[in-house]
> 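Encoded as structure tokens, here's the structure I'll be asking about.
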Amino acid sequence: MSTLPSKKGIFTASVLQNRGLGDKFFRLSLELEKKANTLFSSASAGQFVEIDVSQLALPTEKLIPEKLWDSSQRNVLLRRPFSFADIDSSNDCTIVEILYCVLGPATLRMKTLKTGDAVNLIGPLGNGFAIPEDKKSVILVAGGMGAPPLIHLAKVLKKQHQDMTITAFVGAKTKNDLAFFDIKTDKLKKKTDITLQEFAKHNIKTCISTDDGSAGFKGFVTESLKNRLGENKPAGEETIIYACGPEAMLSATAVLSSEFRIPCQVSLERRMACGIGLCQSCAVKCRDKTSGTLYKLCCKDGPVFWSDEVVWE
Amino acid sequence: MKNKNIDLSVKLGSLKLINPLMTASGTCGYADELDDFMDINLLGGFITKSITLKSRLGNDVPRIVETDSGMLNAIGLANIGVEKFVQEKIPIIERYKTPFFVNIAGETIDEYVAVAEKLTQCKRIAGLELNISCPNVKKGGITFGTDPALVRQITGEVKKVVKDKLLIVKLTPNVTDISAIARAAVDCGADALSLINTFTAMVIDIETKRPVLANRTGGLSGPAIKPIAVYLVNKVYNEVAKSAGVPLVAGGGIRTASDAIEFIIAGATAVTIGTGSFVSPDCAVKIIEGIKKYCLRHSITAVAELTGSLK
């Protein structure tokens, strides 16, 4: 993506809501301090913030899942990166939505955030999805916890590129792991037939896959995508794929991108200490025309990359 | 006493810094990364990421893992190489007034000398920091910094080519007697010593029974190492630096003004912010303000008076 350095800053935000979505998924709405408005109103889908959770307390013992008893005892020092799930900028007020899953000591602490609490964050960071003007058709591929930036992108595309046709492919382990979405079940149909409101409200046709078949197609999201691409053979010059999810899913999507000659942008995840290009820890192995391979930084050069520039391992 | 009466400047050899705050190599990029967060010109000095003769890709990922109050890194001296550094980064450095020090590394003494020769030609560079303490590369780095004979040799060889540039030698704590290493560097021409680099450490994933880092081991940094670093700084100050009149550039887990002041009392002339910048990229300027307040509170007119004031 573009390598122009973007402006960023350290800001304080106030928690508007920190709502549980199922037992381990949460939606965090943050209202940013006014001086962040200009920077965040021009931020794009696929960019992220680094949140300081080091000052937050643990939940009471009985609210800590057994699997996290050990790791929750660790101190948290480093900030944690989160993609935007939405940015709402209006009337001099910027609200940022973060969707997160409680997986370790940092997100466990975030669970305790209450309305009115102050949060310190750095952003907007990295380069988001680039939207070429000549595309008529967009395919979103979201796997598991990779859904948030694509939910954001869907909204942006619908607002700014009304004439684009968007199809979403959403995969998760089970129906319960689709908790980032507002799920509607049509009672007349089978209980595996569900609708994801975040896409449905924009009239985005959505194909769901789950590993266990508890919702939609039973299998990987990339199998479902491959079937569809095989049937429809979309024109590569008019179509673009945007994907975010586990690395194996992104790698399989990259293969489909080259097989069907459809350009594809992927949003990657790496362990980051800083998020601003200082620590060099979030290396992504990329192709280089002259020297074979080189490492780019997920935080600064990404997190969105063209799928054919990444060396998939 | 008013703010303006406090003299924050310190002397590193022949060089005067406006205050004791510096960046630690490898944690602050090449300066422009931090532009959005603070005015680099407010810093006493800037130490860049390591530069080697040829560019280095660095290690595979994972390159970091968080630990209790700290982190391990094994970046592997990823850098663009000295040629490209001179072409691309010197113009960036020239934008600032701050004295810049370039951290240099290599696999052989000849490589260190070649990088030093090249950088000595750059007017804008105030000095070099000799990295003989990186724990995350297979050749060079720490191998030099743990053997007093090699420290003598490498310091002496580089000193011959740096001319009027300040030569700082960065020490590793991964030795039996850090003072023996410090003495070797001072004897062979080090104008200042910087300490400490990271502690070699390991984190194991108990599910896979493998080290978390691709490099297996990494360097421990952050608040977890601060009390050990303060102790080692005081030891080197008492046993070597004070009598030799060689200033110490010290760091290890500094996040706050009180952390920085501890190091200065222990014997540091200047202090470096490393891991702290990852969490708070503007913390160096906040620390400067905190030091001013401390000086006011203790009626100290010059921060340099604090160096080595441990009772």
> Quick check: do Phe37(B) and Ile122(A) have side-chain heavy atoms less than 4.5 Å from each other?
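When only atoms from C-beta onward are counted, Ile122(A) and Phe37(B) do touch, with a gap below 4.5 Å.
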> Are any of the side-chain nitrogens in Arg74(A) or Asp68(B) under 4.0 Å away from the carboxylate oxygens of its partner?
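Judged by the 4.0 Å cut-off on N to carboxylate O distance, Arg74(A) and Asp68(B) do not form a salt bridge.
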> Is it the case that atom CZ in Phe220(A) sees more than 12 heavy atoms from other parts of the structure closer than 6.0 Å?
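Incorrect, the count does not exceed 12.
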> Please flag which part of Val284(A) lies under 4.5 Å from any non-hydrogen atom of chain B: side chain, backbone, both or neither.
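For Val284(A), neither part sits under 4.5 Å from chain B.
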> Calculate, to the nearest 0.5 Å, the distance between atoms OG and CG belonging to Ser55(B) and Leu294(A) respectively.
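Nearest 0.5 Å value for the OG-CG distance: 9.5 Å.
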> Taking all atoms of both residues into account, what is the closest heavy-atom pair of Gly58(B) and Tyr295(A), and its distance?
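Of all heavy-atom pairs spanning Gly58(B) and Tyr295(A), the closest is O-CE1, 3.7 Å.
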> Sort out for me which residue in Ile75(B), Asn59(B), Thr27(B) forms a side chain to side chain contact (heavy atoms under 4.5 Å, CB included) with Gln280(A).
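Testing Gln280(A) for a side chain to side chain contact (heavy atoms under 4.5 Å, CB included) against Ile75(B), Asn59(B), Thr27(B) leaves exactly one candidate, Ile75(B).
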> Please report the closest heavy-atom contact between Phe278(B) and Cys279(A), naming both atoms and the distance.
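Closest pair (atom of Phe278(B), atom of Cys279(A), distance): CZ-CB, 3.3 Å.
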> CE of Met145(A): more than 12 outside heavy atoms within 6.0 angstrom?
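Check fails, neighbour count at 12 or below.
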> Measure Glu50(A) against the heavy atoms of chain B and call it side chain, backbone, both or neither at under 4.5 Å.
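Contact with chain B: none, neither part.
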> Which pair of non-hydrogen atoms, one from Arg270(A) and one from Val61(B), has the smallest distance, and what is that distance?
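Taking Arg270(A) first and Val61(B) second, the nearest heavy atoms are NE-CG2, 4.1 Å.
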> Pick from Asp282(B), Asp36(B), Asp35(B): which one makes a salt bridge (Lys or Arg N to Asp or Glu O under 4.0 Å) with Lys8(A)?
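Single salt bridge (Lys or Arg N to Asp or Glu O under 4.0 Å) partner of Lys8(A) among Asp282(B), Asp36(B), Asp35(B): Asp36(B).
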> Over all heavy atoms of both residues, which pair between Ser281(A) and Ile64(B) is shortest? Give the atoms and the distance, please.
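Scanning both residues, the minimum pair turns out to be CB-CG2, 3.3 Å.
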> Inspect the surroundings of CZ in Arg216(B) and state if more than 12 heavy atoms from other residues, nucleotides or ligands are less than 6.0 Å away.
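Open.
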> Please determine whether the number of non-hydrogen atoms from other residues, nucleotides or ligands lying under 6.0 Å from atom CG of Leu63(A) exceeds 12.
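Yes.
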> Are there over 12 heavy-atom neighbours, none belonging to Glu269(A), within less than 6.0 Å of that residue's CD?
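No, the 6.0 Å shell around CD holds no more than 12 heavy atoms from other groups.
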> Salt-bridge test for Glu66(B) and Arg271(A): reply yes if a basic N is under 4.0 Å from a carboxylate O, no otherwise.
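No, no charged N to carboxylate O under 4.0 Å.
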> Take atom CZ in Arg287(A); do more than 12 heavy atoms of anything else shown fall under 6.0 Å from it?
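Counting neighbours around CZ of Arg287(A), more than 12 heavy atoms of other residues, nucleotides or ligands fall under 6.0 Å, so yes.
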> Does the side chain of Leu77(A) reach to within under 4.5 Å of the side chain of Arg255(B), using non-hydrogen atoms?
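Sidechains of Arg255(B) and Leu77(A): in contact.
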> Heavy atoms only: give me the nearest Gly29(B)-Leu278(A) pair and the separation to one decimal.
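Smallest interatomic distance, heavy atoms only, reads N-CD2, 3.9 Å.
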